Amino acid sequence: MRFSITVAFQPVDELLTLARVADECGYDAISIPDHVVDLETLTTPYPYTPDGKRRWEHSAEWPDPWVLAGAMAAVTTNIHFYTSVYVAALRSPYQVAKAVGTVAALSGNRVAFGVGVGWCREEFELMGQDFGTRGKRTDEALDLLAELWSPGWNSFEGTFYPTPRLVMEPTPTARIPIYVGGLSEAGMRRAARHDGWIGDLYSTEEAGKHARRLAEIREELGRDGDFRFITALTDAFLPEQFAAAEEVGVTDVWTMPWAYYHGLECSLEQKVDGIRRFADDVLKPLEAAKL
């Protein structure tokens, strides 16, 4: 079981400290959310709450994920970074490839690309991108990114992004894993074709159901090898509960460790304390159990 810390909605001036402490305490990764803007008025309902309302206040900060990952990589040594999730179809895939590839090169390949198709029609319209084709464009963009992250001259034949021979440097020296978010059948199939799936907030029983469905799809597609199942758990607090989640297919848990001890609204000092205490109370016992 690996643990990631999500930095969603945290003040930007606290983030480098949180990354340094997480790195020191042995967490696997930092999970970074993505939105370009937060529009005041939406007709599109937020898909992950029963009432369709957003989980955050309008004052929540949304730093650019790749600028943030580069800054955190500069003050850490071992911890990895992934987006949860990046809405690639809002942007040009060439700009996406350049940003992610640069952070990979600067960080010593401590980057994974977590991607989703997006839910907010108004944000797509503001960015001048077609909402209706976002799934198809995401699929094509992921194939194109693999080419753009490869050394030497590359070209690409596509419906949306036909690409003449070109080179993009710096080139990552290792393949960048791709994790996909989305609970729809299309989202799960997209994830199954890549390296992992990023979920939302689930009970262990719900997570196990999703893990089984992904395993079925991967078997159907003839996919094998490592596959990450990344989610938050609503009913796991103790080492034995996380171990039980691992038994049903959860490989990675993202969390805000300070919430277990101080609640979600707390000071930087309390967040640091929570990161350290959770490492002592959960990460270390789970590691010791495997020895």
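Everything quoted here is computed from the prediction, not taken from an experiment.
Applying the side chain to side chain donor-acceptor pair (under 3.5 Å) rule to Asp13 yields no partners; only residues at least two apart in sequence or on another chain are considered. In this structure Tyr161 satisfies the side chain to side chain donor-acceptor pair (under 3.5 Å) test together with Arg137, sequence neighbours excluded. Asp273 meets the side chain to side chain donor-acceptor pair (under 3.5 Å) test with His262, Arg277; sequence neighbours excluded. Thr77 is linked by a side chain to side chain donor-acceptor pair (under 3.5 Å) to nothing, counting only residues two or more places apart in sequence or in another chain. Qualifying side chain to side chain contact (heavy atoms under 4.5 Å, CB included) partners for Glu219, counting only residues two or more places apart in sequence or in other chains: none.
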Steps toward side chain to side chain donor-acceptor pair (under 3.5 Å) verdict (Ser4, Asp252)
CA-CA 7 Å; Ser4 307; Asp252 298 73; 5.0 Å; no

Decide yes or no on side chain to side chain donor-acceptor pair (under 3.5 Å) for Tyr261 and Asp281, but give the supporting numbers first.
CA-CA 11 Å; Tyr261 306 97; Asp281 293 344; 2.8 Å; yes

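In the hydrophobic clustering, Leu106 connects to no other residue, as no ILVMFWY side-chain heavy atoms lie under 4.5 Å from its own.
Atom CG of residue Leu166 and atom CG of residue Leu148 lie 6.0 Å apart, to the nearest 0.5 angstrom.
No side-chain donor-acceptor contact under 3.5 Å links Trp119 to the backbone of Tyr46.
Contact check on Arg213 versus Glu216 returns a salt bridge, with a Lys/Arg side-chain nitrogen under 4.0 Å from an Asp/Glu carboxylate oxygen.
In the displayed structure, Glu169 atom CD is contacted under 6.0 Å by more than 12 heavy atoms of other residues, nucleotides or ligands.
Using cut-offs of 30° and 60° for the angle between ring planes, the His35 and Trp56 rings count as tilted. Between Trp197 and Tyr202, the angle of the ring planes stays under 30°, which puts this pair in the parallel group of the 30/60° scheme.
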